[in-house]
Structures are given as C-alpha cells and as structure tokens.
Amino acid sequence: APYYRILTYENGIPKGRFVDYFEPGSKYRIGTLKMHKDEAVLHGVLEVYRESGPLSSVENFHLGIREGEYTKYNVDGSVSMRGHFENDNRSGEWTTYYEGGQVQSRGSYFENQQNGVWMTYLPDGTVKESVVYALGHVMDWRELLRYSSNAANEGDAVKARMYIEKARPGIIMNLGGTPVLKHHFVLTKVKWVENDLSGSVVQLDTALSYIDATNPAMRAELKDGIADLLVFSNKKNAQPLQERLIPAVIHLIRTDSLM
C-alpha cells in the first residue's frame, strides 16, 4: 500500500527514529534508521501495523538484516506466530498459535527451510500430524526405499545417497525406531555399491544391533531389511555382509519361536 514517511535528517543524512503512515493517515511502520555503507538501513526494533490500526508484527534488525526475535499478531492482539531470524533467515524453533492461544504448529528452520520434525495440533492439544522435513523437503521413506531397493543399480544408489544426505542424518537419528533401521539398511547397500566396503559393514552392524528389539514394527523392519540385504549380497557376492546376515537370520528364527 502507498505510504509516506516522517523522519529526521542530520547534515542531509536520514537518522534515528522514523514513522511511516498509510496514505489515509494511520500508522504503517515505526522503526530506527542507521547509516551503514553509505545507506540508511533498518536497525533495532521495527513495529508493523495493519492499515486498520492494530499491530501486525514486531521484528528486529541489525544493520538492515533481520536478526533476532520475530512476533506476528492477530487483529485482536494475540500472538499468531513467534520465531527467530538469523542473518535474514528463519532459524531455530518457530511456533504458530490459534487465536485462543493454543499451539497450532511447532518445528524448526535451518537456513530459512523447514527442517526436522514439525508437529501440528488440534485446538484441544491433540496431535493432528507429524511431518519430517529435510531442508524444506518432506521426508518420504517410501521414496527413499524405492531408490534403495535397487541400490545394486549405480544410478539408484546415487539417488539414495543424495536423498540420505538431503535428509541430514542427525534428523534421522533423532527419530528413533524404524526410520533408523531404514537409514542403516539403505546405507549398507549404498556404501557397498560405492566400494566403501568397510563403511557398508559398519552400517550393517549398526542395524543388526537392534536384533533383539521386541517392538513388532522394529522386528518386522529387521526381517524385511535382512531379507532384502540377503538378495543384494547374493547378487553382489558380498561375502562380509553374508557372514553377518546368516547368523542374524538364525537368531531371529530362534527368538521368534520363544516369543
């Protein structure tokens, strides 16, 4: 919307506090200017208002760059969003709220992209949805497994590797449970195809460390992963993998009979 500005000049240079107004006369923005590299830039707290009057947001700037806490408000003055900027990028934890003040969604940003686990809630606090992001992309384990199922094919192995790297292993490891097993089983094949044989063995050993898991989903994932790797290791003549997989199969059969 068109606006005009009231500010102070010192020796021909804009400086200090300014107020922007919408053309009808209501406040638009209140902030402070500071000279930086021959340019007057935003510095400090910036208040932004709606044309109808209520406060819209409070932002923080450092020499023209968003830096620090950011808060957005509903028309009634309640907080609708709160987060943090770092070097003009959304960073760290961000939270959105219902008008009643209940948390609507919460998750983290990394370099302005959703990253990690994002939770969405109903007004009563019940979890509505949990989504895992990897640098702005929704992690879809089915997509990862589609690539890794044909990891003996070099092209699919590379795609699986790229997907894993995009996912940032730290995020995956924080999830726990079956995603961790998927992660290690996939990397077992990918590293073997990339001729990192010792790395492949390490990934398999890590996956097999869950061999005594009693959780049904984990146990099913172990069985599926081991069966898949048996086929893979046979095709690739991967003896070091077979030497670990066969005892694992025997162990699973024995423990299943005891459960």
Side-chain angles (χ1 to χ4, degrees), residues 1-123 125 128-138 166 168 170-171 174:
Y3 69 93
Y4 60 91
R5 173 171 292 178
I6 295 178
L7 71 163
T8 301
Y9 281 83
E10 186 176 299
N11 297 323
I13 298 174
K15 182 180 180 181
R17 186 175 183 272
F18 71 89
V19 182
D20 292 336
Y21 293 89
F22 292 104
E23 282 198 344
S26 58
K27 286 183 296 187
Y28 171 32
R29 298 189 302 183
I30 299 175
T32 302
L33 296 175
K34 185 173 183 177
M35 292 302 298
H36 179 62
K37 296 181 179 179
D38 298 324
E39 183 181 1
V41 297
L42 293 169
H43 188 73
V45 177
L46 176 71
E47 298 177 357
V48 181
Y49 293 83
R50 293 179 172 83
E51 194 165 358
S52 58
L55 181 65
S56 175
S57 65
V58 175
E59 309 173 29
N60 285 271
F61 286 79
H62 179 74
L63 298 178
I65 296 175
R66 279 190 180 89
E67 190 80 34
E69 187 173 345
Y70 171 92
T71 306
K72 189 172 180 61
Y73 298 90
N74 294 308
V75 175
D76 65 2
S78 59
V79 175
S80 65
M81 181 185 297
R82 179 171 283 134
H84 187 88
F85 277 91
E86 185 175 322
N87 197 29
D88 223 19
N89 291 316
R90 294 189 184 200
S91 181
E93 184 176 277
W94 280 69
T95 307
T96 63
Y97 301 88
Y98 289 102
E99 289 189 0
Q102 310 95 318
V103 173
Q104 183 176 30
S105 66
R106 176 171 287 150
S108 294
Y109 279 88
F110 179 76
E111 293 184 350
N112 218 36
Q113 299 184 81
Q114 287 173 289
N115 202 47
V117 180
W118 274 75
M119 305 291 290
T120 303
Y121 302 88
L122 297 173
K128 178 182 179 182
E129 186 178 31
S130 175
V131 179
V132 181
Y133 286 87
L135 299 180
H137 299 276
V138 175
K166 184 178 70 175
R168 294 173 59 83
I171 298 171
N174 286 333

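For the numbers below, each heavy atom of this structure counts, side chains included, while hydrogens, waters and symmetry mates do not.
- When every heavy atom of S108 is checked against every heavy atom of W118, the shortest pair comes out as O-NE1, 2.9 Å.
- Panel note: side chain T120, backbone K128; no donor-acceptor pair is recorded below 3.5 Å.
- Within a 6.0 Å radius of NZ in K15, other residues, nucleotides and ligands contribute 12 heavy atoms or fewer.
- Proximity of a side-chain donor or acceptor of H84 to a complementary backbone N or O of S91 within less than 3.5 Å is not detected.
- For the 3.5 Å distance criterion, the side chains of S78 and D76 qualify, holding a donor opposite an acceptor.
- Within the 4.5 Å cutoff, side-chain heavy atoms of F61 are placed close to those of R66.
- In this structure, CG in N60 is found 9.0 Å from CG in L46, a value given to the nearest 0.5 Å.
- Atom CD1 of I6 and atom CG of D20 lie 9.5 Å apart (nearest 0.5 Å).
- Counting heavy atoms from C-beta outward, E93 and R106 have side chains that approach closer than 4.5 Å.
- We find the CD-OH distance between Q104 and Y121 to be 12.0 Å, quoted to the nearest 0.5 Å.
- Under the 4.5 Å side-chain criterion, counting only non-hydrogen atoms from C-beta, R17 is not in contact with T8.
- In this structure the side chain of Y97 never reaches within 4.5 angstrom of the side chain of S80, judged on heavy atoms.
- Side-chain N or O atoms of T96 include one that pairs as donor or acceptor with a backbone N or O of S105 at under 3.5 Å.
- Side chains of Y28 and V48 form a contact here, defined as non-hydrogen atoms less than 4.5 Å apart.
- For the atom pair CG (N87) and NE2 (H62), the distance works out to 10.0 Å, reported to the nearest 0.5 Å.
- When all heavy atoms of E67 and E86 are compared, the pair lying nearest together is OE2-CA, 3.7 Å.
- The two residues L7 and R5 come nearest to each other via the heavy atoms CD2-CG, 3.7 Å.
- Side chain of W94 to backbone of R82: no donor-acceptor contact under 3.5 angstrom is found.
- To the nearest 0.5 Å, atom CD of residue E39 and atom NZ of residue K37 are 10.0 Å apart.
- Using a 4.5 Å cut-off on side-chain heavy atoms (C-beta onward), M119 and E129 make no contact.
- Closest approach of Y70 to S57, counting heavy atoms only: OH-CB, 4.0 Å.
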CA sep, side-chain torsions, deciding dist, call: L42, L33, side-chain contact (heavy atoms from CB on, under 4.5 Å): CA-CA 5 Å; L42 293 169; L33 296 175; 4.2 Å; yes
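- Separating the CD atom in E47 from the CD1 atom in I30 is a distance of 5.0 Å, to the nearest 0.5 Å.
- At a threshold of 4.5 Å between non-hydrogen side-chain atoms, the residues I65 and H36 do not count as touching.
- Across Y3 and R29, no two heavy atoms sit closer than the pair OH-NH2, 3.6 Å.
- Here the closest heavy-atom approach between residue Y73 and residue V79 is recorded as CE2-CG2, 3.9 Å.
- Checking side-chain atoms of N115 against main-chain N and O of Y109 turns up no donor-acceptor pair under 3.5 Å.
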